Amino acid sequence: MDIRHNQVVILDFGSQYTRLIARRIREQQVYTEILPSDAPVEIIKKHNPKALILSGGPESVFSKKAPNYDEAIFDLDMPILGICYGMQLLVQHYGGKIEKSKVHEYGFENIDIIDQSSLLDNIPIKTNVWMSHSDFVAKIPENWAVVAKSSNDIIAAIENKTLKRFATQFHPEVNHTAKGTEILSNFLFKIAKCDQNWTVENFVNAKIESIRQQVPSSATVLTAVSGGVDSSVVAAFLNKAIGKRAKAVLVDHGLLRKNEAQNCRTSLKKNLGIAVEVVDDSKIFFKKLKGIRNPEKKRKIIGEQFIRSFEKFTKNQNIDYLAQGTLYTDVIESGGRGVSNTAKVIKSHHNVGGLPEDIKFELIEPLRDLFKDEVRNIGKLLGLPDSLLNRHPFPGPGLAVRVLGEVTKKRVKILQEADAIYIDILKNERIYDDIWQAFSVLIPVKTVGVMGDNRTYENVIALRAVTSLDGMTADWYRIPDKVLSKISNKIVNSVSGINRVVFDITSKPPGTIEWE
Ligand code: XMP
């Protein structure tokens with residue numbers, strides 16, 4: 001079964017909420033993909049969507065910088081939902097009028113439903129929504145209906161049932177919109193008649209089938225594992241699909257957390273019966289990283305060396321396939337297939353953008369369409385234990401992006417020791433599971449301290465802890481003072497080389513989760 005046949009395409013006009021639209025739709029068990037705003041209509045048609053959504057965006061429709069799009073999208077014979085900027089685009093195209101407003105609506109707003117509406121069917125007449133706009137609809141196109149207005153008398157929702165065009169000025173995808181899920185559900189099921197076939201079970205079955213089709217019965221697949229959730233789920237997939245023809249290998253770059261290689265081996269054997277071979281290539285990685293301080297260079301070097309290590313390992317073994325745990329978010333942040341033609345590379349995630357061009361393997365990436373929480377649900381179904389599924393994410397380049405500046409064995413060791421203490425305390429205090437990701441960062445400066453009667457001049461460690469849904473945005477986690485002081489005391493007193501601990505209170509954006 002092709003579980004994508006029933007999908008919705010989202011055109012991204014640059015809103016910070018575009019990925020949220022995708023998540024909300026998938027939560028309702030409908031597959032969706034985000035395409036750049038200027039995706040040609042021919043490409044959209046290839047997706048064979050049941051409906052199209054035009055996202056919000058930071059520009060004004062009057063702006064010279066307004067994103068491009070293919071005018072032919074408006075001829076598509078399928079329901080279209082415009083959200084915020086998407087609504088203004090629909091209005092402009094169909095002959096209405098957009099104007100700059102004196103009233104800016106940002107944040108919570110009340111709306112009144114003033115006419116019968118398919119999109120707002122069964123929504124209370126007065127409801128709370130999330131607005132974020134300055135332009136507004138001054139005049140709707142002919143034969144359209146205004147179905148909701150805000151308390152500022154601004155048009156909040158319009159539709160034209162005959163054309164199958166619907167639009168909201170507010171953001172139904174944002175949690176603060178009280179009935180957002182119901183509104184999207186009206187669009188998906190009552191208007192676009194989507195089926196709910198994007199389920200964990202269907203995904204697992206379809207993926208196992210597609211792996212079996214992709215890999216010839218004589219071939220062996222190298223499965224790159226790291227001890228993290230994603231690669232463990234990939235290993236479980238491959239194991240289910242092709243059994244022992246999947247060879248799980250952990251390339252130890254020397255940049256893993258303390259005892260990680262051994263823990264990974266034990267855990268996959270115990271929980272899934274998968275035998276992991278550990279290849280210690282740490283010497284080569286450290287040699288290549290010598291003197292390198294630039295974060296992007298580090299990432300590229302590590303991405304490249306990973307592949308070279310796999311190639312070396314498979315030299316006389318006739319292995320043509322490499323399976324790895326690339327996620328949808330990795331693809332997006334590396335500026336790959338996805339959000340926008342002009343998408344900026346934030347970081348080259350090593351399993352996407354950091355890969356060399358001349359890879360001799362064909363890649364198998366069963367998680368490439370998934371968000372992190374979807375991966376966890378799938379892992380559960382594949383039999384992975386909670387202790388593994390609830391582990392915090394760990395980046396492919398490992399501690400190299402947490403040892404700021406030059407990466408040396410000695411500096412990595414200091415970080416490993418401090419980090420082990422930090423994570424242990426979070427677990428003992430039972431707050432580890434409330435945090436999306438926690439880790440320590442070694443800062444390349446020394447500061448003066450005093451221990452006993454002596455002056456010290458040592459390194460600074462930063463603690464990072466964030467909450468997040470999928471790593472795309474994050475807030476810093478409020479670790480209680482008492483716990484922070486316990487962590488700080490223990491690190492400074494027991495890790496030689498550290499005399500100061502600081503706590504990072506930056507959200508994403510404007511920061512990123514990792515420091516490099
Ligand atoms: P940033 O730092 O971009 O991180 O806010 C978002 C999430 O992605 C993880 N991350 C990576 N994961 N390879 C990975 O597999 C990478 O190169 C990489 N870089 C960042 C990061 O730990 C966080 O969970």
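These figures come from a predicted structure and were not determined experimentally. All residue numbers refer to positions in the sequence shown, counting from 1. Numbering of ligands and ligand atoms starts at 1, following listing order.
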Considering both backbone and side-chain atoms of [X], is one of its nitrogen or oxygen atoms within less than 3.5 Å of a nitrogen or oxygen in ligand 1?
X: Arg299; value: yes
X: Pro393; value: no
X: Ile513; value: yes

Which atoms from ligand 1 have a heavy atom of [X] less than 4.0 Å away?
X: Lys508; result: 1 (P), 3 (O), 5 (O), 6 (C)
X: Thr512; result: 1 (P), 2 (O), 5 (O)
X: Pro397; result: 13 (N), 16 (C), 17 (O)

- Message: Applying the ring-ring contact (aromatic ring centres under 6.0 Å, His included) criterion to His171, which one of Tyr106, Phe108, Tyr17, Trp130 satisfies it?
- Response: Tyr17
- Message: By the definition ring-ring contact (aromatic ring centres under 6.0 Å, His included), identify the one residue from Trp436, Phe439, Tyr477, Tyr432 that meets it with His392.
- Response: Tyr432
- salt bridge (charged side-chain N to carboxylate O under 4.0 Å, His left out) contacts touching residues 418-435 (sequence neighbours left out): Glu429-Lys486
- Message: On the six-membered ring of Phe203, is Arg26 placed so that its NZ or CZ lies under 6.0 angstrom from the centre and within 45° of the ring axis?
- Response: no
Atom pairs and distances, donor-acceptor, side-chain atoms in residues 285-295, under 3.5 Å, two or more places apart:
from, atom 1, to, atom 2, distance (Å)
Lys288, NZ, Gln305, OE1, 2.9
Asn294, OD1, Glu296, N, 2.9
Asn294, OD1, Lys297, N, 3.0

- Would you indicate which of Gly396, Ala474, Ser468 comes nearest to atom 14 (C) of ligand 1 when only heavy atoms are counted? Gly396
- Query: Looking only at heavy atoms, which two atoms of Ala246 and Leu238 are closest? And how far apart?
  - Reply: CB-CB, 3.7 Å
